[in-house]
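Naming convention: chains lettered A, B, ... in sequence-line order (proteins, then strands); numbering from 1 in each chain. Everything quoted here is computed from the prediction, not taken from an experiment.
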Amino acid sequence: MKSQAFERIYEIIQKIPKGKVVTYGQVAALAGYPGAARTVGWALGSLTGEKDLPWHRVINASGKSSLAEETQRKLQQALLEAEGVVFDENGKVDLEKFRWKGK
DNA sequence: AACCTGACTTCGG
DNA sequence: TCCGAAGCCAGGT
């Protein structure tokens, strides 16, 4: 593997329990790279789909999706709703309830 | 080795 | 409360 940071990040994301979400900064911290939130998003952007990672459980600090394409955002929201995560009228997730503390 | 980029975060107006 | 700018870390070129 070329980058350990990615492996760590992927490992953390795979541990996110169903029905829970986590912010990029949270993943970075759990992976051992506090403050490297952007790196996490970048790592996810590099995903090819072969990893089978629950990327949809990773959102930004606002509790919303940072995806550029609306189709992708809708997909993410749909996947989370299917797991029990609730979105408010603004399309935001209640981090107080669904944020995974990690462990 | 230096510079650029990015699915972020936070502070300020 | 909402929008814009600066700061962050790691990887890629």
Side-chain angles (χ1 to χ4, degrees):
Chain A
M1 58 229 20
K2 303 160 75 169
S3 52
Q4 292 195 324
F6 280 30
E7 295 300 320
R8 288 289 287 162
I9 292 170
Y10 295 152
E11 189 176 343
I12 296 299
I13 294 175
Q14 268 178 124
K15 290 178 181 172
I16 302 173
K18 178 185 173 195
K20 291 287 183 177
V21 296
V22 62
T23 66
Y24 293 91
Q26 198 75 57
V27 175
L30 291 171
Y33 301 94
R38 310 205 71 219
T39 305
V40 175
W42 181 47
L44 290 178
S46 299
L47 286 176
T48 58
E50 302 170 15
K51 299 290 185 182
D52 187 36
L53 294 175
W55 57 268
H56 54 277
R57 292 176 188 158
V58 185
I59 57 183
N60 61 24
S62 299
K64 301 187 71 173
S65 171
S66 294
L67 293 173
E69 295 197 19
E70 191 174 325
T71 54
Q72 293 293 299
R73 294 186 302 204
K74 290 176 63 179
L75 172 61
Q76 179 171 39
Q77 183 173 325
L79 290 170
L80 289 176
E81 291 183 320
E83 297 183 346
V85 178
V86 181
F87 285 78
D88 64 12
E89 55 279 357
N90 293 312
K92 296 197 296 189
V93 177
D94 187 339
L95 293 175
E96 293 300 310
K97 289 183 179 178
F98 303 103
R99 182 170 176 225
W100 178 53
K101 279 77 177 182
K103 157 39 117 281

So which of Lys18(A), Lys20(A), His56(A) actually passes side-chain contact (heavy atoms from CB on, under 4.5 Å) with Leu80(A)?
His56(A)
Nucleotide by nucleotide, nucleotides 8-13 of chain B touches protein heavy atoms under 4.0 Å in the pattern (B base, S sugar-phosphate only, - none) BS----
Heavy-atom contacts under 4.0 Å between residues 74-95 of chain A and DNA chain B, which residues?
none
Please find out if less than 6.0 Å separates the ring center of Tyr24(A) from that of Trp42(A).
no
Round to a whole Å and report the spacing from CZ of Phe6(A) to C1' of dG6(B).
10 Å
Quick check on Arg73(A): does its CZ atom have over 12 non-hydrogen neighbours (other residues, nucleotides or ligands) under 6.0 Å away?
yes
Just how far, in rounded Å, is C1' of dG11(C) from CD1 of Ile9(A)?
10 Å
Could you give the OH-to-C1' distance, from Tyr33(A) to dC8(C), as a whole number of Å?
15 Å
Trp42(A) CH2 to dA10(C) P, straight-line distance once rounded to whole Å:
11 Å
Roughly how far, to the nearest 0.5 Å, is CD of Gln4(A) from OH of Tyr33(A)?
6.0 Å
Between the CG atom in Leu67(A) and the CD atom in Gln77(A), the distance rounded to the nearest 0.5 Å is 11.5 Å
Given atom CD of Glu7(A) and atom C1' of dG11(C), what is their separation to the nearest angstrom?
14 Å
Could you give the OH-to-P distance, from Tyr10(A) to dA10(C), as a whole number of Å?
16 Å
Distance, nearest 0.5 Å, that separates NZ of Lys74(A) from CD of Glu81(A):
11.0 Å
I'd like to know if Glu11(A) pairs up with Lys15(A) as an ion pair, taking the criterion as any Lys NZ or Arg NE/NH1/NH2 lying under 4.0 Å from an Asp or Glu carboxylate oxygen.
yes
Contact class for Gly45(A) vs. all strands (heavy atom < 4.0 Å): base, sugar-phosphate, or nothing?
base
Mind checking the OH-CG spacing from Tyr10(A) to Asp52(A)? Nearest 0.5 Å is all I need.
13.0 Å
Drop me the distance from Ile12(A)'s CD1 to Leu53(A)'s CG, to the nearest 0.5 angstrom.
11.5 Å
What is the separation between atom CZ on Arg8(A) and atom C1' on dC9(C), rounded to the nearest whole Å?
16 Å
